[in-house]
2 protein chains.
Amino acid sequence: MVTTQQTKRLLNYRTALHHLKNIGFHRIYSYTLGNEVGVSADIVRKDLSTLNVSGKKRGGYDIGPLIERLEDYFSIHEDHEVILFGAGNIGRALMNYSGFRKNKIFIIAAFDNDPMKTKTGNDIPIYPMVEAERFINQHGINVAILAVPANAAQHVCNQVISYGINSIMNFAPVVLKVPKRVHVSNINLYDELMNVFFMGRTLKEPEL
Amino acid sequence: MVTTQQTKRLLNYRTALHHLKNIGFHRIYSYTLGNEVGVSADIVRKDLSTLNVSGKKRGGYDIGPLIERLEDYFSIHEDHEVILFGAGNIGRALMNYSGFRKNKIFIIAAFDNDPMKTKTGNDIPIYPMVEAERFINQHGINVAILAVPANAAQHVCNQVISYGINSIMNFAPVVLKVPKRVHVSNINLYDELMNVFFMGRTLKEPEL
DNA sequence: TAGATTGTTAATCGATTAACAATC
DNA sequence: TAGATTGTTAATCGATTAACAATC
């Protein structure tokens, strides 16, 4: 079984491998790759072995095929379509975020209740919320990003699930209640940053 | 010892408790709070017991003092000052993000290399990068947010560490290499969203 | 009192690390 | 060949879960 933690490491390996390839590497040792993403060589080897990738004893892993295997595993070469709820600060930043587009993730529409924010001429149209159900069905969308205010999040969440969404990336500082079949990934910017402050205060270890 | 995971749960408890208080609760059971943040009652009790908070057998925990204890623990009532590097999409969204200000986290300045983006009239001044060292020293800043392009991230990171920063929240899709005394929290939006797509494809469990 | 809930100790589970044989 | 690295199995570590006595 592949866990969420492992999945995130695999995505990290992919990023690191692209970087290493760009700077001229063709082969990589588990030790080097681990160092690059901040995990041990043992974990790298174990992760890769669960993907049935094998290296050469003493020769390491070929970067090209390894990237291919990772990208196949995540179906990275396919287009990924997602819709966005909430065209506020965070929502707009995500619409313009090139890191998605470069990797074939496309926010194909946004939805907002504020009529001031809806407009359809742009790259990414922003529709009123009432259009969401039709749009989701028409385009067969499964994944939604929630960047709505905290007090609206659970309500919008319930709605989009009823329209057929089964995976949600949630930026609202609320732990959403969803049926088991729905997957939610929470990004709580305040918690993350507060935690950074806290760790900075706590960590007083000697320098490397 | 309090782990990072535990720390994040504690912040989640705080948010949930504020919510519960707002809707009229004064007491809470470990079971209820756990349900609210998606963890077991056992974990809630254990977490709270490491904070030396005690409840009443059969009566649960008083919400008011519990919130106080959590906010003391994180020094939430103090002002927290942080500076931002990179005034692109993500950077600007963070500058306008009310979730920080509401909780006494203030981005007091931003830095960017692009002269088109620097301006000082606004709420949050945006300075050229060369001003960073002076600013950090003058204001005694320890925490920085990095929202710069991937290819600049390690360089900017090295710089800010040399200026005295010891805690970093990093939005660039790069695993930063830092001395042990420096704490980094990575937020990789692409990885998160790709993982949501992946989980949506993987999870085909029966409905709740 | 009986029932419910806390607080803590013990058992389980899973993930990381260590160890090492295989082999290039 | 000797040395280095993979791939896998066993040992360790830590976190979650189960169990249960204390008690309101």
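Order of the sequence lines sets the chain letters (A, B, ...), proteins ahead of strands, with each chain counted from 1.
Scanning DNA chain D 5' to 3' for nucleotides with an atom closer than 4.0 angstrom to a non-hydrogen atom of chain B gives a first and last hit of D:dA15 to D:dC24.
At a threshold of 4.0 angstrom between heavy atoms, the contacts of B:Gln5 are confined to the sugar-phosphate backbone, with no base atom among them.
Listed by first and then second residue, the salt bridge (charged side-chain N to carboxylate O under 4.0 Å, His left out) pairs involving residues 49-66 of chain B are B:Arg27-B:Asp62, B:Lys56-B:Asp62 (not counting sequence neighbours). Screening residues 46-97 of chain B for ring-ring contact (aromatic ring centres under 6.0 Å, His included) gives A:Phe197-B:His80, A:Phe198-B:Tyr73, A:Phe198-B:Phe74, B:Phe85-B:Phe111, B:Tyr97-B:Phe100 as the qualifying pairs, with residues at least two apart or on separate chains. Residue pairs meeting the salt bridge (charged side-chain N to carboxylate O under 4.0 Å, His left out) criterion with at least one partner in residues 17-26 of chain B, sequence neighbours excluded, are absent.
Remark: B:Tyr29, B:Ser30 in residues 16-33 of chain B come within less than 4.0 Å of DNA chain C through at least one heavy atom. Proximity of residues 60-74 of chain B to DNA chain C (heavy atom under 4.0 angstrom from any strand atom) is restricted to B:Gly60, B:Tyr61. For DNA chain D, the neighbouring residues in residues 38-48 of chain B, judged by any heavy atom under 4.0 Å, are B:Ser40, B:Asp42, B:Ile43, B:Arg45, B:Lys46.
With B:Asn170 contributing its side chain and B:Val174 its backbone, the two residues share a donor-acceptor pair below 3.5 Å.
Here the CG atom belonging to A:Leu10 is positioned 9.5 Å from the CZ atom belonging to A:Arg69, to the nearest 0.5 angstrom. One finds the CG atom of A:Asn142 at 11.5 Å from the CD1 atom of A:Ile168 (value rounded to the nearest 0.5 Å). For the atom pair CG of B:Asp123 and CD1 of B:Ile108, the computed distance is 13.5 Å after rounding to the nearest 0.5 Å.
Residues satisfying the side chain to side chain donor-acceptor pair (under 3.5 Å) test with A:Ser75, not counting sequence neighbours, are B:Arg201. Partners of B:Ser185 under the side-chain contact (heavy atoms from CB on, under 4.5 Å) rule, at least two apart in sequence or in another chain, are A:Glu192, A:Val196, B:His183.
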Could you give me the CA-CA distance, side-chain angles and deciding distance for A:Leu70 and A:Leu51, then say whether side-chain contact (heavy atoms from CB on, under 4.5 Å) is met?
CA-CA 8 Å; A:Leu70 287 164; A:Leu51 284 190; 3.5 Å; yes
Does the pair A:Met95 and A:Ile124 meet the rule for a side-chain contact (heavy atoms from CB on, under 4.5 Å), with working shown?
CA-CA 7 Å; A:Met95 285 192 256; A:Ile124 302 174; 3.7 Å; yes
Side-chain polar contacts of residues 28-37 of chain A - donor-acceptor pairs under 3.5 angstrom, sequence neighbours left out - could you list them?
| residue | atom | partner | partner atom | Å |
| --- | --- | --- | --- | --- |
| A:Ser30 | OG | A:Arg45 | NH1 | 3.2 |
| A:Glu36 | OE1 | B:Lys177 | NZ | 3.1 |
| A:Glu36 | OE2 | B:Lys177 | NZ | 3.4 |

Going by atom type alone, with no hydrogens or angles, which donor-acceptor pairs under 3.5 Å involve a side-chain atom of residues 129-138 of chain A and a protein atom two or more places apart or on another chain?
| residue | atom | partner | partner atom | Å |
| --- | --- | --- | --- | --- |
| A:Glu131 | OE1 | A:Arg134 | NE | 3.3 |
| A:Glu131 | OE1 | A:Arg134 | NH2 | 2.9 |
| A:Arg134 | NH1 | A:Gln138 | OE1 | 2.9 |
| A:Asn137 | ND2 | A:Glu133 | O | 3.2 |

Taking Watson-Crick (N1-N3 plus N6-O4 or O6-N4) and G-U wobble (N1-O2, O6-N3), each under 3.5 Å, can you produce the dot-bracket string of DNA chain C? Use [ ] for crossing pairs and | for inter-strand ones.
..||||||||||||||||||||||
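For the pair A:Met194 and B:Ile105, the tightest heavy-atom approach, listed with the atom from each and the gap, is N-CD1, 4.1 Å.
A salt bridge is defined here as a Lys NZ or Arg NE, NH1 or NH2 lying under 4.0 Å from an Asp or Glu carboxylate O, and B:Glu78 with B:Lys104 fails to meet this definition.
Where A:Arg58 and A:Gly55 meet DNA chain D, the nucleotide closest to each residue was compared, and A:Arg58 sits on the side nearer the 5' end.
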